[in-house]
Each structure stands twice: as C-alpha cells, then as structure tokens.
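The model shown is predicted, which means the values in this text are computed figures rather than measured ones. Residues: numbered from 1 along the sequence shown.
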Amino acid sequence: MSLNAWQARGSHFDYRGHKIFLRSGGEATQPALLLIHGFPTASWDWHRQWDALCRRFRVIAPDLIGFGFSAKPTNYAYSIMDQADLCAAAIHHSGFNTVRVLAHDYGDTVAQELLARHLDGGSLRLHSLCLLNGGLFPETHRARPIQKLLHTPLGPLISGLTGERQFRRSLSAVFGAGTQPTADELHDFWQLVAHNDGARIFHKLIRYMAERRRYRPRWVGALQRGGIPTRLINGLADPVSGAHMVARYRELVATPDIVELPGIGHYPQCEAPAAVLHAFMEFQDTLSA
C-alpha cells in the first residue's frame, strides 16, 4: 500500500486537544489488535501485514503524537507514559477494553508500560504481547550516533539541521545488509518525518532513552513478572537491538518465546514481512488452541 493511500484511508481522533492519525481495519466483531510503531517512523511500518491482519482482527494503528501524520506540537511534554495514555485512548475510542499488542522499537517500551498497567489492574486489559526489535533493556540498547547527539545539549541544533540525506543514511544503517530499503521507501519514511516538520522535535522525542533507564525496574520487571503470553520476534543483524539483546532476554525472562530472523536488521516487519506475519499468526494460533 502506498503512503498516500495509507494516509487517505485513515481518520483522526482528538487526544488532549491534538489530532491523532489512526488507521483501523477489520470487523468490529473481531478481536482487537493494537499496532505500536517505533522511532522515528509511524504506523505505515505495518502496511505489508495490514490486509492479512485485518482478515482476522479489528486492527487499530495510531501514529503516536509527534510522529507520522499526527500532531507534532513543539511545546509538549513527550513521554512514554503519555504515549501509553494515547494508545489506551485509541483502544477505548474504538470501543474495546481488551487488546492484543504487536509492537516495535519505541513501541516496545510503550507496550511494556501498558503491560505494567495491566499487571497493576488497569482498565485496559492485554490478551497477549508480541514484540519486535527494540530497547527492552537499557543496558543492551546500542544507540546510533545521531541518537546520542540528539540526547546532548546540541540536540535542538541537530534536530533543526536534520534533512532527508542524513535521515536516509542513518535509517539505512540499521537495516540488514541484504534487506536494504529502496530509495523510494526511504523517501516515504522521510515524508512521515517531514509531515508537520517533525524533525524539529527529534531532541524531545529522544528523551525516551533516559526514561528507559529511569523506569527500568518497572518496565523490565513487567516482562519478568509475565502474566500474559509474550513472544519476541527479532532481526539478529540489528546493530541496535539484535542478537545481543536476544541473549539478554534469555538471561532475564523465564521460559522465553523467541523467533530469531538471521540476516534481518532493526525493521523486521519491513525487511521480512512474511516471516513476521507467520510468526505472529502462529503465536496467535497457539493461544487459540
């Protein structure tokens, strides 16, 4: 599905006075599935799995605030906690109280917060959790040079100077050597950032790295407590959260359910869409059985 078609078929809902872009599909009578994208892209990341997922689930995929086709206010306290509130609002807006979650990267951390709330008895109930490459453990997250710079006092300057050429180079570096995005795909990813001049707030969005350290006991603890079925699908060639993160996951999470994708980088849903879809559907089939 083209980026233009993706945008045209979306809608918006209000979140704290801001317009949030939302893609939804499938029948309202089907189980709800929440898709949570990563940094710095948006819900379009899931377009290769979209039709197949909609045949089985009521799929709900927001662009988090600050991303994609959603509002990108300059004067805003971006945080993982707030993004979790937004996801809960999107689910309730769609008429559900229980949801399956499929998340990636930054979205993994949002999902960890949703899991912690579920375990604490929150109103949004999680049926199951499936995670793709992401910084589940701050000690294994290997931030890219641009991310490190954005997290310094130079962050606002770096944000203001970020253009499509730098963005393309940085994003390509986290894909697998044999699964590089095309020039057209990179341009579409940039369009998601460029919409509403999103690069100018990169230094605010990147604060999630510090949040991961601050809330590590809560978010890693939620994974360790378990309580709901959880599967990790991981591209092992990812320089940010690849094989080294999987090794740490095995150390910390009891009876881990892991699907490894050799040669795949940080964006498995884009680099190996069929493999990710198969692993996710197999996970759901197991739960149904």
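When side chains are defined from C-beta on, F39 counts as touching Q147, because their heavy atoms get closer than 4.5 Å. With contacts defined as side-chain heavy-atom distances shorter than 4.5 Å, the pair H104/Y267 qualifies. At a threshold of 4.5 Å between non-hydrogen side-chain atoms, the residues N133 and M245 do not count as touching. Between P73 and Y78 the shortest side-chain heavy-atom distance falls below 4.5 Å. In this structure the side chain of L64 reaches within 4.5 angstrom of the side chain of H37, judged on heavy atoms. Inter-residue side-chain proximity for S172 and L186 is flagged as met; some heavy-atom pair is nearer than 4.5 Å. Using a 4.5 Å heavy-atom cutoff, the side chains of D14 and K19 are not in contact. Using a 4.5 Å cut-off on side-chain heavy atoms (C-beta onward), R216 and E139 make contact.
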Please lay out, stage by stage, how Q83 and Y106 fare under the test side chain to side chain contact (heavy atoms under 4.5 Å, CB included). CA-CA 10 Å; Q83 302 287 16; Y106 180 95; 3.2 Å; yes
Assess whether side chain to side chain contact (heavy atoms under 4.5 Å, CB included) is satisfied between L35 and W50, documenting all intermediate values. CA-CA 10 Å; L35 305 181; W50 186 258; 3.9 Å; yes
Walk me through whether M281 and L53 qualify under side chain to side chain contact (heavy atoms under 4.5 Å, CB included). CA-CA 9 Å; M281 291 299 202; L53 292 174; 3.9 Å; yes
What do the steps show when you test D63 against K72 for salt bridge (charged side-chain N to carboxylate O under 4.0 Å, His left out), and what is the final call? CA-CA 11 Å; D63 283 359; K72 299 172 180 175; over 6 Å; no
Dump the intermediate steps for side chain to side chain contact (heavy atoms under 4.5 Å, CB included) on V193 and F202, then the final yes or no. CA-CA 9 Å; V193 172; F202 271 178; 3.5 Å; yes
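Across all non-hydrogen atoms, the minimal contact from T74 to I201 is CA-CG2, 4.2 Å. Of all heavy-atom pairs spanning I20 and I65, the tightest one is CD1-CB, 3.9 Å. Residues L131 and D108 approach most closely at CD2-OD1, 3.6 Å, considering heavy atoms. Residues Q269 and V276 approach most closely at N-CG2, 3.9 Å, considering heavy atoms. For the pair R207 and H151, the tightest heavy-atom approach, listed with the atom from each and the gap, is CA-NE2, 4.2 Å. Annotation for G227 and L119: closest pair CA-CD2, 4.3 Å, computed over non-hydrogen atoms.
Crowding of R9 atom CZ: a count of heavy atoms from other residues, nucleotides or ligands under 6.0 Å not exceeding 12. Other residues, nucleotides and ligands contribute more than 12 heavy atoms inside 6.0 Å of the NE2 atom of H92.
Partner of F21 under the ring pair (Phe, Tyr, Trp, His ring centres under 6.0 Å) criterion, out of F69, F67, Y15: F69 alone.
M81 contributes atom CE, which lies 15.0 Å from atom CG of L86 (distance to the nearest 0.5 angstrom). A distance of 10.5 Å separates NE2 in H141 from CG in L136, rounded to the nearest 0.5 Å. Rounding to the nearest 0.5 Å gives a distance of 5.0 Å between SG of C270 and CZ of R48. Between the CZ atom of F283 and the CZ atom of R100 there is a distance of 9.5 Å, given to the nearest 0.5 Å.
For the pair H127 (side chain) and T98 (backbone), a donor-acceptor distance under 3.5 Å is absent.
Salt-bridge check for R218 with D120: passed, with a basic side-chain N closer than 4.0 Å to an acidic carboxylate O. At a threshold of 4.0 Å, the pair D85-R117 counts as salt-bridged, since one of the basic side-chain nitrogens sits closer than that to a carboxylate oxygen. Remark: R248 engages E251 in a salt bridge, criterion side-chain N to carboxylate O under 4.0 Å.
Tracing side-chain contacts under 4.5 Å through hydrophobic residues (I, L, V, M, F, W, Y), one reaches M209 starting from F137; they form part of the same cluster.
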